[in-house]
Every structure is written in structure tokens, then in C-alpha cells.
Amino acid sequence: MAERITPRSENYSDWYVDIVIQAKLADYSPVKGCMVIRPRGYALWEHMQRAIDDMFKATGHVNAYFPLLIPQSFIQREAEHVEGFAPELAVVTHGGGEELEEPLVIRPTSETIIWSMYKKWIQSYRDLPLLINQWANVMRWEKRTRLFLRTTEFLWQEGHTAHATAREAREETLRMLDVYRRFAEEYMAMPVLTGLKTDAEKFAGAIETYSIEAMMQDRRALQAGTSHFLGQNFAKAFDVTFQTAEGSLDHVWATSWGVSTRLIGALIMTHSDDKGLVAPPRLAPTQVVTIPIFKSKNKAEVLRYAEGVHERLRGRFRAEYDSDDANSPGWKFSEWEMLGVPLRVEVGPRDMENNTVVLVRRDSGEKQSVGVEEAPDAVARLLDDIQTALFERAKHFREQNTHAIDDYEELKRFFENDGGFAIVPWDGSPETEAQVKEETKATIRVLPEGNEKRAAGKTAIITGKPARHLVVFAKAY
RNA sequence: CGGGAUGUAGCCUAGGGGCUAAGGCGCCUGGUUUGGGACCAGGAGAUCGGAGGUUCGAAUCCUCUCAUCCCGACCA
């Protein structure tokens, strides 16, 4: 058959690309590094957006929209920020057939334009906190792109908040990190580690960066969301001050946080198999597909019966019905498995006779027969079971591939072989971090909460000094 | 950005200076089928990734270029 998927064991990268293309999630565009998100991929994004957006609203945030184009000088206002982003900016130099007086950059992120506006909107502590999110596209000129994981243009949300105190801003940073963790676990069925990034890995312009990190099936880490405590860096760069209740003038404290269409890549690499996409039921574009199985002599009756089954399902679930008689049932089974539909309902003459349907799970292939009356409840129950099973399976996989390693030689061997997450005592020095990266390609993904206490009494790798942190090393995307 | 590989119909592949570019899958029409990727017959679909060059003649040789994949460098 034409739609062959490269097995994961043969070539993990090819497998990933095959899934994206053949599950019709995205396609290459004529422009290097850009991609078209196809309806099935975009539907995944829409379901993600809805869930995340609801969580933002529930935590007091509102949406707004800031422009795509930013004066080049804005990016240069914050020293670290300009250094971090300069190499990957796309710059507009001409408009209306004339060279622009000042070039405009296409936003790689919107801190600068947003803070230039916050300066106008914030005068008093009564204007704070300001909790704004935007859903937008951004552009970063990446040298090596991969569908969903790293593309030149991508879709994301970026929250930008302003607070009266450092404490409030820090709380916000952690609150949103927790929103991301909950979203990843509850909707994507993707377990994540959370924690602080090292200075080497943090956002350009942040004081502290936190992230959620997931383990893909090749045991590499994927940073799936970030939340930054920006301190007063941008407030100072854009001179955003407010008058306190006591009458003094102070710079505003800031956070920013984002997740992107990269989450779709994370979802694919967390759950899918050699038969195609496996989508968690809560986000799956189609949750259940009904496939009638008929012979020419009973076609009309079976179709009538199957349509009745579909009718029972479609109000309650994202349901499809595939009665096309150009393809055999077997072909359809494979096709819908490729597309990642969590549950298949097979309806044939035997079911019609018994007034039953057959339900088949995408994650396990397990089949069961239920009465047609109970089908909707059974579908609901199975979708929940699949959601839970996917999470548990991914969590088990991560645990199986997470090891505490105290010895540097052992750490090197670990990353030469299968790799995974290594919990390692670290002396806290950038030199040690750089040496490990140089020699093993693994980086510190996060410093988990409370790691300092657990590091007590341990000896750091390489230097043999007392460990200050117990950190997670992994090779990353 | 450096090294490697690959671009021939929607997809996969054959053809490596010479006649009308070949096959499989998919697609269209008709018929038979249908509980794990069905079958028969007929049909449509290609300026051989793009540009330039060499030649009487280029899918084939040369140069440049674009894209994708792999390995590295880079990557909040």
C-alpha cells in the first residue's frame, strides 16, 4: 500500500514525518521552514486552544491582539533580549514600493511591543495586575526546521502580565506553569516534569524561566511550554512605572508564558505507534467513527441500522460515519487508525441480528460487543478509559527511562546508549553544565521544585563538590 | 551554516546520451465484492524539482539553484 509508515524502530524521524503527512495533520509549503496546518491538524490545535483558553479565563486573563510588525529599535531596547533574538529575526525593509525609514521586524515574540503599550496603560497600582494573553503567529528564522516541532512561522499564545510586586509576578509565573502542567496531563495525556531552567537555557530577557518537559518515545526531552519571571527588565527598558498606594513610583514586575503548535508534535511523539496517529480522546478531531459492514444482499438494512448507531453517537461525541462502498472495511479500519481516531464502531449483519455493535480501541486494539442501547454510554466510558490509559502508559514509559545517576562515566554511557532522563547531582556551575553538554549532548532540562533539599549530602558529578542541585539531564529536541 | 543522501504522474519506483518515458499504488467509468488494507475490464494523468549550458539529439552529461531527509553547528 502507498501509505506506509516507517516503523519507529527503523527511523524515528522518518516515522514522525510519516505520521504528520499521512494522518493529514500538515503539509510542506513552498516556503522553506513553513508548513500548512491541514484541517485535521488544525482541529487538534482548536481543541487545545479551547481548553487552554478556558483555563486562562478561569485564572483571570483576557485576550487581546498586538500587531505582527515591531519597530526594529524596540527589540534592541533590552540587551539580553536583542542578543537572544537578533539571529533569527525576519525584517521588513520595504513597504508600498519604498524603503522604510525604520525596518520592521516580524515578531519573534511580543514582549517589546506589548510593553511599549503597557507604558501608556499603566499609571497606578490600581491598573495592576494587568493580565493579557494573545493568540498569534510568530516568526523565527530557524536553520533546521521540523514539522510542528520547529518551524519558521508558528502559532502560539503568549501571556504578558504586569504586577505591582515581585512576589505577585512570581506567583503568576508558577500559576501559569501549573496551568500548562494540568493541560498537558489532563488533555494531552502527557506527563510532564516542571521546574526551573538554568541560566544557559532561559529565555533572553528573563530573570527566571520555568518549563514543562515531556519525554518522547525516543527518550528525548521536549520542552512543551515555558513560563518566565521577567522581573523589571522590560519595565525598565520601556520605562513602565506606576504609583504605589504610598505614593512612590516603582517599575512594574512582569511575566510572560507561552505554548505553541509544537504541542501537536509533542502529542504525536508521546502516543502514536507504527499504525499511525494516536490522539487522546479529549483532543482528537474525531472521537469515534462508525463503519458499516455489509454484503450486497443486505446493504440497505445494514446501512439503515448503522446510521441509527451513528445518530445515537453524533450529538454527544465528535463522530463520523464512513459508509463509502468503494473501500473494504479492512481498508477503512487501517485508514481511521492512521488518522488517530480513538474508538471505532463496527456495525455488521451479526450485530444487526443481535442488536449490538462492536467497539474497538485505537490504543490497545481491544474489541468488545455492546448492546446498541448502551453504545453511547459505553463509548463515553471507553473514551475516558483510553484517555487514562494513554497517560498511564506514557508515565510508565517515562519512569522506566528515568534513572538516578551519580557517576559521570555512567552518565556518559547512559547517553551513548538508550538515554532518557537522568537525575544527576550538580554543583550548580555553568562550566560543569557546559562540559556535560559538550561531551554527552545532554542538557539540563529542569531543576525540579525542592531539588536542593534532595541534593543534600550528595556529591556532584565531574567536580566532586557537594551537590547544590539534583537536576534532570536529557537530550532534547 | 558545514558534511551526506534524494528529487521522474497525487504516492512509490524503473530507465544513466538516440524511436511514442515504463510499471505498481492511488484516481475516474462500469460491473462484481465487503467482519483487517478485494477483483475484473476500460480510461485520464508527466513539458523527468527549477534555470542555464554542452550536443545533431538531454530524464540521462556539466554548472548553478530550490526543496526534503539524515549527521553536525545553532536553537527563550
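Per chain, numbering begins at 1; letters A, B, ... match sequence-line order.
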### Query
Want to settle it: does A:Cys34 or A:Lys441 sit nearer the 5' end of RNA chain B, counting the closest nucleotide to each?
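Comparing both residues, the 5'-ward one is A:Cys34.
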Sort out the partner of [N] for me: Watson-Crick or G-U wobble, both distances under 3.5 Å, none otherwise.
| N | value |
| --- | --- |
| B:rU60 | none |
| B:rU33 | none |
| B:rU20 | none |
| B:rG42 | B:rC28 |
| B:rC69 | B:rG4 |

Check the phosphate of [N] against [X], side-chain N and O only, distance under 4.0 Å to OP1 or OP2. Yes or no?
| X | N | result |
| --- | --- | --- |
| A:Lys295 | B:rU34 | yes |
| A:Ser296 | B:rU33 | yes |
| A:Tyr28 | B:rC69 | yes |

Integer-rounded Å distance: [N] [atom2] and [X] [atom1]:
| X | N | atom1 | atom2 | value |
| --- | --- | --- | --- | --- |
| A:Tyr12 | B:rC70 | OH | C1' | 16 Å |
| A:Ile21 | B:rU68 | CD1 | P | 11 Å |
| A:Trp331 | B:rC27 | CH2 | P | 7 Å |
| A:Arg361 | B:rG36 | CZ | C1' | 19 Å |
| A:Asp14 | B:rC12 | CG | P | 12 Å |

Ignoring hydrogens and geometry beyond distance, is the side chain of [X] in donor-acceptor contact with the base of [N] at under 3.5 Å?
| X | N | answer |
| --- | --- | --- |
| A:Asn327 | B:rG37 | no |
| A:Arg144 | B:rC74 | no |
| A:Glu337 | B:rG37 | no |

### Message
With side chain to side chain contact (heavy atoms under 4.5 Å, CB included) as the criterion, how do A:Tyr118 and A:Ile132 come out once you've worked through the C-alpha distance, each side chain's angles and the decisive distance to 0.1 Å?
### Response
CA-CA 10 Å; A:Tyr118 280 8; A:Ile132 295 181; 3.4 Å; yes
### Message
My understanding is that only one of A:Asp14, A:Asp273, A:Asp274 makes a side chain to side chain contact (heavy atoms under 4.5 Å, CB included) with A:Pro7; could you say which?
### Response
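Of all the options given, the one that passes is A:Asp274.
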### Task
I would like to know whether A:His81 and A:Trp115 meet ring-ring contact (aromatic ring centres under 6.0 Å, His included); could you show each step before the answer?
CA-CA 13 Å; A:His81 197 63; A:Trp115 280 86; over 10 Å; no
#### Entry: Syn-anti status, with the boundary at 90° from 0, for the nucleotide B:rG10
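That one's anti.
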### Message
Any base atoms under 4.0 Å from A:Lys367, or only sugar-phosphate, or nothing? Heavy atoms, all strands.
### Response
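Answer is base: heavy atoms of A:Lys367 come under 4.0 Å of a base.
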### Query
Do A:Arg344's NZ or CZ and the ring of A:Phe333 fall within the cation-pi criteria of under 6.0 Å and 45°?
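Yes.
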### Task
State whether A:Trp15 and A:Arg8 meet the cation-pi test: NZ (Lys) or CZ (Arg) under 6.0 Å from the six-membered ring centroid, and within 45° of the perpendicular axis.
yes
